Amino acid sequence: MAEGKKKKRLARVDRDLCASCGCCRKVCPREAISIYKGLYALVDEALCIGCKKCAKECPASIIEIQEVDR
Amino acid sequence: MKQQKKWYDYLWIVSLVYLTLGFLNILFAWLGLIFFCTPLIIALVTGNKGYCHRYCDRGQLLALLGGRFGLSRKRDMPRWMVSKAFRYGFLVFFLAMFLLMLWNTGLVFAGARDLQEVVTILWTFQVPWHWAYHGTLFSEGVAQFAFGFYSVMLTSTILGLVTMVLFKPRSWCVYCPMGTMTTLICKVKAKECV
Ligand code: SF4
Ligand code: SF4
Ligand code: SF4
């Protein structure tokens, strides 16, 4: 594990507007996304590498890539 | 990572076959009930949207045409179209139009209305479709339902294609009445489990 503060990019889903269509899940190269109980896209933060593929694919455009400390 | 293609990744073909069959003989439109019941049953039984995620031919067709074939501008949808108000509003409108279609079918069954051999696109434009009607063994109402159901399927396909071109490939999935209904079922089921 790298020490100190490192920025990591993560996909963040606006759960309220999510249509749970699964388009994001289909394109994620890390299989980091699951659709929680058919309600919204849930990103596994341990797997996500912030590649933005899901954000581009999402028809509702409600996924943002955020930088977070880790 | 390239995922292995499964048999159900080719279901987009079903969309094309369905629309073609209805063009040849409208009674095939009845098969559309499969697309109507399967997603609801999957949602009711499993409490997830497995239909949208795996089997939906419509979603796959839009992803293919808009994605691989590049027939989409890939722009963001306007925010009002993504809003829940629009999603639910469209569902209500869609169901109301569906009930109206059933009502008209009922009138034909009852003999109170003549069979109309037309396909109505976007709930407005009546397109002659008489070549696809070769008579029916049963009541003419059977054919009326077929014309009505095919109209629903064709209309939603057209809307799906238009928003695919204008916005993202699967924009239709944001306001798809079936998708909204299965989400609502999942919501209820999720509450039950708590
Ligand atoms: S693609 Fe967008 S709307 Fe669809 S499940 Fe993923 S986050 Fe939700
Ligand atoms: S940003 Fe990339 S890795 Fe992260 S969830 Fe989206 S597609 Fe998957
Ligand atoms: S939202 Fe509608 S069109 Fe999209 S995958 Fe689900 S059922 Fe199919």
Side-chain angles (χ1 to χ4, degrees), chain A, chain B residues 1-3 9 39 42-44 46-56 58-60 62-63 66-67 72 74-79 81-87 160 163-164 167-176 178-194:
Chain A
M1 276 284 142
E3 264 185 58
K5 287 234 163 73
K6 245 185 137 190
K7 296 274 187 198
K8 180 179 158 76
R9 285 166 180 278
L10 277 182
R12 281 276 155 82
V13 178
D14 180 340
R15 290 178 181 176
D16 187 45
L17 286 178
C18 180
S20 50
C21 61
C23 299
C24 51
R25 191 186 79 144
K26 226 169 200 167
V27 296
C28 177
R30 304 268 300 164
E31 292 187 29
I33 301 180
S34 54
I35 308 295
Y36 179 75
K37 290 189 175 181
L39 301 179
Y40 53 78
L42 187 67
V43 179
D44 184 336
E45 303 198 340
L47 290 175
C48 176
I49 48 168
C51 71
K52 217 168 186 257
K53 279 199 177 152
C54 54
K56 279 199 195 130
E57 194 74 12
C58 174
S61 310
I62 51 157
I63 304 183
E64 272 180 24
I65 305 296
Q66 288 186 343
E67 288 208 342
V68 290
D69 294 327
R70 70 159 355 191
Chain B
M1 183 174 60
K2 270 262 178 292
Q3 284 181 358
D9 287 322
I42 291 182
L44 279 169
T46 66
N48 66 44
K49 300 202 355 167
Y51 183 78
C52 293
H53 304 156
R54 285 196 200 92
Y55 310 115
C56 179
R58 172 83 46 88
Q60 289 179 14
L62 295 173
S72 169
K74 303 208 171 152
R75 301 284 162 83
D76 292 344
M77 290 170 88
R79 289 302 89 185
M81 271 187 109
V82 176
S83 72
K84 290 200 155 169
F86 180 70
R87 225 173 278 176
T163 47
M164 170 195 83
F167 311 117
K168 300 237 181 140
R170 276 178 62 178
S171 291
W172 164 258
C173 293
V174 174
Y175 64 103
C176 167
M178 188 49 76
T180 310
M181 276 195 281
T182 47
T183 304
L184 287 174
I185 293 174
C186 290
K187 274 199 176 142
V188 173
K189 297 236 4 159
K191 285 227 179 74
E192 270 175 12
C193 300
V194 175

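Only a predicted model underlies this, so the values are computations on that prediction, with no experimental measurement involved. Chain naming here is simple, since letters A, B, ... match the order of the sequence lines and numbering starts at 1 in each.
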Closest approach of B:T183 and A:S20, non-hydrogen atoms and distance?
OG1-OG, 3.5 Å

Is it the case that atom CZ in B:R79 sees more than 12 heavy atoms from other parts of the structure closer than 6.0 Å?
yes

At a 4.5 Å cut-off on heavy atoms, which part of B:K49 comes close to chain A: side chain, backbone, both, or neither?
both

Looking at A:K37 and B:C186, what are the two nearest heavy atoms and their distance?
O-CB, 3.4 Å

Is B:T182 close to chain A through its backbone or its side chain, or both, or neither, when contacts mean heavy atoms under 4.5 Å?
neither

Give the member of B:M77, B:K84, B:M164, B:K187 that has the highest number of heavy-atom pairs under 4.5 Å with chain A.
B:K84

Cut-off 3.5 Å, no hydrogens considered: what does the side-chain donor-acceptor table look like for residues 49-59 of chain A, sequence neighbours left out?
none

Interatomic spacing from OG in A:S34 to CG in B:N48 - rounded to 0.5 Å:
11.0 Å

Take atom OH of A:Y36 as the centre, draw a 6.0 Å sphere, and report whether it contains more than 12 heavy atoms from other residues, nucleotides or ligands.
no

Measure A:I35 against the heavy atoms of chain B and call it side chain, backbone, both or neither at under 4.5 Å.
side chain

By salt bridge (charged side-chain N to carboxylate O under 4.0 Å, His left out), A:E64 pairs with (sequence neighbours left out) none

Heavy atoms of B:R87 and A:L17 approach each other most closely as NH2-O, 2.7 Å

Among B:V174, B:T163, B:L184, which residue has the highest count of heavy-atom pairs closer than 4.5 Å to chain A?
B:V174

